[in-house]
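Here the structure is a predicted model, which is why all the values come from computation and not from measurement.
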Amino acid sequence: MAYYYDQPSHTFSEYLLVPGYSSSECIPSNVSLKTPLVRFRKGEEPAISMNIPLVSAIMQSVSGDRLAVALAQEGGVSFIYGSQSIEDEAAMVAKVKGYKAGFVRSASNLRPDQTLADVLELKELNGFSTVAITEDGSPEGKLLGIVTGRDYRVSRMDPSEKISTFMTPLEKLITAPEGTTLKEANDIIWDHKLNSLPIVNKKGHLCYFVFRKDYDQHKKNPMELLDAQKRYIVGAGINTRDYAERVPALVEAGVDVVCIDSSEGYSEWQKRTIAWIREKYGETVKVGAGNVVDAEGFRFLADCGADFIKVGIGGGSICITRETKGICRGQATALIDVCTARDEYFKETGIYVPVCSDGGIVHDHHMTLALAMGADFIMLGRYFARFDESPTAKVNVNGTLMKEYWGEGSNRARNWQRYDLGGSKKLSFEEGVDSYVPYAGKLSDNVQITLAKVRSTMCNCGALTIPELQEKAKLTLVSSVSIIEGGAHDVLLKTTNKQV
C-alpha cells in the first residue's frame with residue numbers, strides 16, 4: 001500500500017514569523033547574511049562562503065555572464081546555465097573570471113602591423129576598450145604600446161591605417177615591473193592619473209594589467225565575492241550525460257563550483273556524476289546536487305558527497321511539473337523536512353551540508369521565511385529574470401515593459417538533460433512555460449531593497465545572523481482569512497482608486 005503523509009504540504013504563504021525579543025544591538029546594519037555555500041566539517045571553515053544568501057537559477061533566461069558579475073558584486077553566486085554547448089558555457093565562465101581581478105591577463109591583443117579595422121572588430125567581439133599591442137599579438141608578448149579609445153577617431157581615420165601609426169608607444173607609457181604589489185600598482189595609477197597600468201617582466205614582456213575601474217568597483221561593492229586571486233566567484237550548471245567532457249572544460253575556465261541541474265535528484269544518475277567528479281578531482285571541485293523534497297533524498301545525496309543540496313520540485317513560477325506529472329511537494333514542508341535531516345546528519349557525521357531552497361519564492365518576505373526554516377541560501381529564477389543584467393530581451397507588452405522568462409522544461413529551452421531519466425535524448429512533453437515578468441531595473445538596486453527587508457525582519461526576530469534566526473525563529477501557520485487580513489483592506493487606495 002502507498003505511503004501517506006500525516007500532514008498536508010504547505011507553501012511559504014501559509015506561514016508567518018512571530019516577533020521575538022529585540023535587544024538594542026538588533027539593528028539592520030549589524031546583521032550579517034554570510035552563509036556557507038559548500039560542505040564543511042565541524043570546527044572548520046567552508047571552502048566557499050557567500051556574503052548574501054542568494055544564488056541565481058541555472059536557466060537560459062536568467063544566468064548569463066552579465067548577471068553573474070552583477071550578483072558577485074553584491075556578494076552572491078550565479079550558476080551559468082548548462083543548456084548550451086560546452087564551449088559556450090566555458091567561455092561565459094572565463095569571461096566572468098577575467099572581468100574583475102587585481103592583476104588581469106590581457107584579453108585584447110594585437111600586433112603593430114594590424115589595422116584600425118582589427119581594433120574595432122576586437123572591441124566589438126569582447127567589449128574591451130584597452131588593447132595591448134605586442135610584438136607577436138599574444139597576451140605575453142613583448143609590449144610595444146597600447147590602444148584605447150583616446151588614440152583614434154573612427155570618423156576621421158581610414159580603417160586600413162596601421163596600429164603602429166596611432167598607438168601610444170611604450171616609451172610614452174608608465175609601466176611597473178613584475179612583482180609589484182596590488183597596493184603599489186594602485187598607488188601608481190592614482191599618482192599618475194592612469195586608467196590602466198601594464199605590468200612587464202625584465203625582458204619587457206607583458207604580464208598583466210591593473211585597472212583603475214577595478215579599484216573603484218571594489219569601493220562601490222564592499223560585499224563583492226572574490227576568490228584568492230581577487231576574481232569574481234562563479235558557478236555553472238552541469239548535467240548527468242556529458243559531465244566527463246563538460247566538467248573539465250569548466251574547471252579549465254576557472255569555475256568555482258558546479259551544480260547538477262536536474263528536476264529530480266534522488267537518482268543513480270546523480271550518484272554516478274558525483275562519483276566521477278570525486279574520482280577525477282577529489283574534493284577540489286565543488287559540486288551541488290538535487291533537487292529533492294524529503295529527508296531520504298537529502299541523505300542519499302549527502303552520502304554521495306554532494307557539497308550542497310537543492311530542495312524543491314514544481315514550485316517555480318514557470319514550472320508545470322505538478323500539473324503534468326502530479327509529483328512534487330509544497331516548498332515550505334519540503335524545506336523543513338530536509339533541513340531537519342541536514343541537522344541530524346551534522347550531529348551524526350560532523351559534516352554540515354548546506355541546503356539551498358529552490359523555487360516557491362513569490363514575495364521578498366518568503367526569503368526570510370525560507371532562511372528561518374533552515375535554508376542556508378536561496379536559488380531564484382523569476383526574481384533575477386526581471387533585471388537589466390539577465391540575458392533576455394526587454395519588450396513592451398500592452399504599454400508595460402517586461403522581460404522574457406521561460407522554463408528549462410519549455411519547448412523554447414528544450415533542456416531535455418534536466419529531465420533525463422536515462423531514456424531517449426528528447427523532451428517528450430513540456431514541464432515549463434514561456435512567459436513574461438515585469439521589468440524591474442538594475443539588479444543592485446533591487447537586491448539591496450530585498451535584503452534590507454530581510455535584515456529588518458531578522459531584527460524583529462532578535463537575530464543578527466542566519467544561524468541565530470534559525471535558532472530563534474517562531475513560525476505559525478495562518479488561515480485563509482488571516483492571509484487576506486495581511487494585505488491592505490477596507491480602504492480606497494490612492495494609487496489605483498481601487499476599493500480593497
Side-chain angles (χ1 to χ4, degrees), residues 2-22 26 53 291-295 311-323 325-343 355-383 437-438 449-463 466 468-500:
Y3 176 81
Y4 289 87
Y5 287 92
D6 294 333
Q7 299 293 328
S9 64
H10 297 287
T11 67
F12 292 131
S13 290
E14 295 176 82
Y15 284 91
L16 286 174
L17 282 157
V18 176
Y21 171 72
S22 300
C26 284
N291 288 18
V292 298
V293 293
D294 62 10
V311 177
I313 298 175
S317 59
I318 40 68
C319 185
I320 54 172
T321 297
R322 298 183 188 184
E323 294 179 35
K325 296 170 67 173
I327 191 168
C328 301
R329 199 178 189 189
Q331 185 66 11
T333 300
L335 184 60
I336 292 168
D337 192 6
V338 170
C339 290
T340 300
R342 185 237 6 242
D343 294 342
V355 166
C356 170
S357 180
D358 178 17
I361 301 294
V362 179
H363 306 292
D364 286 352
H365 76 269
H366 287 170
M367 299 183 198
T368 318
L369 284 167
L371 296 173
M373 290 172 181
D376 295 282
F377 56 96
I378 302 153
M379 180 170 277
L380 301 162
R382 180 194 61 84
Y383 178 85
V437 289
I449 292 171
T450 293
L451 295 182
K453 296 176 185 178
V454 172
R455 291 186 179 98
S456 179
T457 306
M458 287 174 63
C459 287
N460 293 145
C461 296
I466 292 172
E468 191 176 9
L469 173 67
Q470 293 165 352
E471 179 184 345
K472 292 184 175 181
K474 296 181 291 184
L475 295 111
T476 180
L477 279 166
V478 296
S479 69
S480 58
V481 177
S482 66
I483 292 174
I484 297 172
E485 180 187 57
H489 59 89
D490 302 316
V491 294
L492 183 67
L493 296 180
K494 292 182 178 181
T495 53
T496 62
N497 288 329
K498 179 181 178 182
Q499 182 73 43
V500 295

Taking the side chain from [X] and the backbone from [Y], do they hold a donor-acceptor pair closer than 3.5 Å?
{"X": "K474", "Y": "L17", "result": "no"}
{"X": "S357", "Y": "I378", "result": "no"}
{"X": "T457", "Y": "K453", "result": "yes"}
{"X": "N291", "Y": "G312", "result": "yes"}
{"X": "Q331", "Y": "V311", "result": "yes"}
{"X": "Q470", "Y": "L371", "result": "yes"}
{"X": "R382", "Y": "V362", "result": "yes"}

Of the non-hydrogen atoms in [X] and [Y], which two are nearest, and what is the gap between them?
{"X": "S22", "Y": "G462", "result": "OG-N, 4.0 Å"}
{"X": "Y15", "Y": "L369", "result": "O-CD1, 3.7 Å"}
{"X": "A341", "Y": "A295", "result": "CB-CB, 3.6 Å"}

Rounded to the nearest 0.5 Å, how far does [atom2] of [Y] lie from [atom1] of [X]?
{"X": "S480", "Y": "E14", "atom1": "OG", "atom2": "CD", "result": "10.0 Å"}
{"X": "L469", "Y": "T368", "atom1": "CG", "atom2": "OG1", "result": "7.5 Å"}
{"X": "I336", "Y": "L475", "atom1": "CD1", "atom2": "CG", "result": "7.0 Å"}
{"X": "E468", "Y": "I466", "atom1": "CD", "atom2": "CD1", "result": "11.5 Å"}
{"X": "H10", "Y": "L335", "atom1": "NE2", "atom2": "CG", "result": "13.5 Å"}

pair H363-F12: side-chain heavy atoms closer than 4.5 Å |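 No, too far: nothing below the 4.5 Å cut-off.
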Start with the C-alpha distance between H366 and S13, add both sets of side-chain angles, then the distance that settles side-chain hydrogen bond (donor to acceptor under 3.5 Å, both in side chains), and finish with yes or no.
-> CA-CA 7 Å; H366 287 170; S13 290; 3.1 Å; yes
Counting heavy atoms not belonging to Y4, are there more than 12 under 6.0 Å from its OH?
-> no
Could you verify whether a donor N or O on one side chain and an acceptor N or O on the other, from Q7 and T333, lie under 3.5 Å apart?
->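 Checked: Q7/T333 side chains show no N/O donor-acceptor pair below 3.5 Å.
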Go through the steps to decide whether C356 and M379 satisfy the test side-chain contact (heavy atoms from CB on, under 4.5 Å), and finish with yes or no.
-> CA-CA 7 Å; C356 170; M379 180 170 277; 3.5 Å; yes
Derivation of the side-chain contact (heavy atoms from CB on, under 4.5 Å) call for V437 and Y383 = CA-CA 9 Å; V437 289; Y383 178 85; over 6 Å; no
Between D376 and R342, does a side-chain contact (heavy atoms from CB on, under 4.5 Å) hold up when you go through it step by step?
-> CA-CA 11 Å; D376 295 282; R342 185 237 6 242; 2.8 Å; yes
Mind checking side chain to side chain contact (heavy atoms under 4.5 Å, CB included) for D294 and listing every partner two or more places apart, or none if nothing turns up?
-> Y5, E296, R329, D337
